[in-house]
Amino acid sequence: MRRFGLDELAAIAPAWDAAVDETPDVDAFCASTPWSFSAAGAFPDADEPVIVGDGVAFCGMRSVRSEAGPVLVGLDPVWGFATPFVGPPMHAAQMLSLRLEADDDWQLAVVAGQREDSPLTACLAHVADDRWTLYRGGTEARLRIDLGGGVEEWFARRSPRFRQRLRRLERDADARGLAVEDVSAVPPDELFDRVVAIDARSWKGAEATGLASDDLQAFYRRVFARLGARDHLRVLVARLDGEDVGYIAGGVRDHLYRGLQLSHDADHADLGIGHLLQLAQLRLLEEEGIATYDLGMDMDYKRRWADRIDETISVVISR
């Protein structure tokens with residue numbers, strides 16, 4: 001077992017992602033390095049992460065401060081979608097045990113991204129034995145679209161009113177000259193600057209959320225770079241009268257697409273640009289053979305698009 005710091009993430013990234021492939025029943029996109037390693041280098045309110053591993057399995061955690069004292073969380077201290085330990089289940093659980101033993105300054109550890117009946121969670125309980133007490137923590141939900149039967153089958157599962165609205169928006173967009181362009185091949189840094197400029201003109205920019213947040217901007221710039229280096233970044237931009245007025249960004253892993261950010265110019269809200277971008281993305285993903293579109297966290301406006309809810313839990317470890 002070795003201990004790794006932030007400066008060694010690039011070197012161990014291929015082995016970490018190979019370990020994710022050996023980890024059953026997890027959110028493999030968020031557990032993989034484009035998400036988890038990007039989070040590890042962002043969000044300065046959490047301490048610098050410490051990763052332990054042996055090349056086959058790994059565990060990465062970082063400390064955050066709370067009223068109850070120091071709490072260990074995964075590499076992503078914000079959303080809690082990703083498991084912090086990856087690899088063949090028992091081997092990965094042993095790495096988690098070693099990571100907890102490597103740090104004396106914690107009272108609780110929150111192990112996100114677990115499923116109650118999975119081999120990984122069972123192995124976690126086994127290595128905890130009588131040394132630590134385990135509790136069931138909160139639930140993390142993400143919404144998913146099933147594209148296995150194609151966009152037309154997905155469209156048929158939507159309500160008549162929703163289908164009618166989408167058709168009307170497409171007709172209006174054609175009449176106004178709104179075009180959607182696939183810009184995924186643009187260099188990631190240049191592309192990120194472009195979407196930040198769009199975001200600044202959206203309601204998110206007005207409320208200083210989304211990419212207007214320094215922490216989120218630092219995180220997503222890293223995500224864009226890592227996905228772009230693998231040709232796994234997918235970005236569409238809506239253009240009107242020669243100007244960018246909206247974008248949708250996400251990444252692919254195997255047969256899954258994970259949505260990252262979606263935004264549009266607030267001055268053109270009447271065009272339904274977000275809906276048009278979602279629909280255009282779905283059609284391109286079908287052509288690519290993507291079976292699942294992960295919309296991310298459960299939010300009301302996403303439910304009209306989703307076919308199912310995927311849930312994981314956090315396991316809370318107490319010393």
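Between D105 and R65 there is a salt bridge, with a side-chain nitrogen of the basic residue lying less than 4.0 Å from a carboxylate oxygen of the acidic one. Between R253 and D21, at least one side-chain N (NZ, or NE/NH1/NH2) sits under 4.0 Å from a carboxylate O, which counts as a salt bridge. D310 and R115 are joined by a salt bridge, as a carboxylate oxygen and a charged side-chain nitrogen come within less than 4.0 angstrom of each other. Remark: R142 does not engage D298 in a salt bridge, criterion side-chain N to carboxylate O under 4.0 Å. Under the 4.0 Å criterion applied to side-chain N and carboxylate O atoms, R157 and D146 are not assigned as salt-bridge partners.
Atom CG of D27 is separated from atom CG of L256 by 7.5 Å, given to the nearest 0.5 angstrom. Between atom CD1 of residue I12 and atom OG1 of residue T33 there is a gap of 9.5 Å, rounded to the nearest 0.5 Å. Going from atom CG of D172 over to atom CG of D270 covers 9.0 Å, rounded to the nearest 0.5 Å. A distance of 10.0 Å separates CG of D129 from CG of L134, quoted to the nearest 0.5 Å. In this structure, OG on S213 lies 11.5 Å from NZ on K204, to the nearest 0.5 angstrom. To the nearest 0.5 angstrom, D307 atom CG is 10.5 Å from E153 atom CD.
Side-chain heavy atoms closer than 4.5 Å link hydrophobic residues (I, L, V, M, F, W, Y) into clusters, and following such links, even through other members, never connects L240 to V237.
Judged purely by atom type and a 3.5 angstrom limit, W106 uses its side chain to pair as donor or acceptor with the backbone of L100. Of the possible donor and acceptor atoms, none in the side chain of D174 sits under 3.5 Å from a partner among the backbone N and O of G177. Side chain of R308 to backbone of R144: no donor-acceptor contact under 3.5 angstrom is found. Not one N or O on the side chain of R258 forms a donor-acceptor pair closer than 3.5 Å with the backbone of F29. Remark: the backbone N or O of F37 is not paired with any side-chain donor or acceptor of R222 at under 3.5 angstrom. Panel note: side chain E8, backbone G5; a donor-acceptor pair is recorded below 3.5 Å. Although no hydrogens or angles enter the test, the distance criterion places no donor-acceptor pair under 3.5 Å between the side chain of R201 and the main chain of D267. Looking at Q217, its side chain does come within 3.5 Å of a backbone N or O of L211 through a donor-acceptor pair. The backbone N or O of L72 lies less than 3.5 Å from no partner atom in the side chain of S63, so there is not a single donor-acceptor pair. A donor-acceptor pair is defined here as one N or O able to donate and one able to accept, closer than 3.5 Å; no such pair exists between the side chain of R319 and the backbone of L108.
Residues forming a side chain to side chain contact (heavy atoms under 4.5 Å, CB included) with T121 (at least two apart in sequence, or on another chain): Q114, S118, V315. Residues meeting the side-chain hydrogen bond (donor to acceptor under 3.5 Å, both in side chains) test with R283, sequence neighbours left out: E170. Here R167 pairs with F155, R163, R171 under the side chain to side chain contact (heavy atoms under 4.5 Å, CB included) rule; sequence neighbours left out. Looking at residues two or more places apart in sequence or on another chain, you find a ring pair (Phe, Tyr, Trp, His ring centres under 6.0 Å) between F224 and F192. Residues passing the salt bridge (Lys or Arg N to Asp or Glu O under 4.0 Å) test with D215: none are found, sequence neighbours excluded. Listed by chain and number, the residues in a salt bridge (Lys or Arg N to Asp or Glu O under 4.0 Å) with E288 are R234 (sequence neighbours excluded). In this structure D244 satisfies the salt bridge (Lys or Arg N to Asp or Glu O under 4.0 Å) test together with R194, R239, sequence neighbours excluded. Take E48 and apply the salt bridge (Lys or Arg N to Asp or Glu O under 4.0 Å) test, not counting sequence neighbours, and it matches no residue. The side chain to side chain contact (heavy atoms under 4.5 Å, CB included) search around M299 returns M297, Y301, K302, not counting sequence neighbours.
P84 is listed as a side-chain neighbour of V111, based on a closest heavy-atom distance under 4.5 Å. Looking at M95 and V86, their side chains never come closer than 4.5 Å, going by heavy atoms from C-beta outward. Counting heavy atoms from C-beta on, the side chains of L236 and L284 come closer than 4.5 Å. Counting only heavy atoms from C-beta outward, the side chains of H275 and W305 approach each other to under 4.5 Å. Under the 4.5 Å side-chain criterion, counting only non-hydrogen atoms from C-beta, V64 is not in contact with D47. At a threshold of 4.5 Å between non-hydrogen side-chain atoms, the residues V110 and V71 count as touching.
For the 3.5 Å distance criterion, the side chains of S38 and R226 qualify, holding a donor opposite an acceptor. Defined by atom type and a distance below 3.5 Å, a donor-acceptor pair is missing between the side-chain atoms of E311 and T139. Of the N and O atoms on the side chains of D76 and S36, not one donor lies less than 3.5 Å from an acceptor on the other residue.
In D117, the CG atom is not crowded: 12 or fewer heavy atoms of neighbouring residues, nucleotides or ligands sit closer than 6.0 Å.
In this structure, F4 has its ring center no closer than 6.0 Å to that of W16.
Across every non-hydrogen atom of L9 and A40, the tightest pair is CD1-CB, 4.1 Å. In plain terms, the two heavy atoms of V235 and D182 that are nearest each other are O-OD1, 3.4 Å. The heavy-atom pair separating A42 from R62 by the smallest distance is O-NH2, 3.1 Å. Here the closest non-hydrogen pair linking I317 and L124 is CD1-CD1, 4.0 Å. Of all heavy-atom pairs between A280 and V180, the closest is CB-CG1, 3.9 Å. Closest of all the heavy-atom pairs between F58 and G53 is CD2-CA, 3.6 Å.
Counting only residues at least two apart or in different chains, salt bridge (Lys or Arg N to Asp or Glu O under 4.0 Å) contacts with residues 89-104 comprise R99-D103, E101-R131. For residues 239-263, every residue pair satisfying the ring-ring contact (aromatic ring centres under 6.0 Å, His included) rule, not counting sequence neighbours, is listed here: Y257-Y293.
Apart from W203 itself, the hydrophobic cluster it occupies contains nothing, where clustering links Ile, Leu, Val, Met, Phe, Trp and Tyr at side-chain heavy-atom distances under 4.5 Å.
Here the rule is side-chain contact (heavy atoms from CB on, under 4.5 Å) with I248, and of H264, Q261, Q281 only Q281 fits it.
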Where do L169 and L271 land on the side-chain contact (heavy atoms from CB on, under 4.5 Å) test, with the steps shown first? CA-CA 7 Å; L169 288 173; L271 290 175; over 6 Å; no
Is there a ring pair (Phe, Tyr, Trp, His ring centres under 6.0 Å) between F219 and F43 once you walk through the steps? CA-CA 8 Å; F219 167 68; F43 310 114; 5.6 Å; yes
Checking W79 against C30 for the side-chain contact (heavy atoms from CB on, under 4.5 Å) test, could you report, in this order, the C-alpha distance in whole Å, the side-chain angles of both residues, the deciding distance, and whether it holds? CA-CA 10 Å; W79 292 279; C30 290; over 6 Å; no
Given the rule in the side-chain contact (heavy atoms from CB on, under 4.5 Å) test, do L216 and R221 qualify, once you have shown the distances and angles that lead to the verdict? CA-CA 8 Å; L216 288 181; R221 187 177 290 278; over 6 Å; no
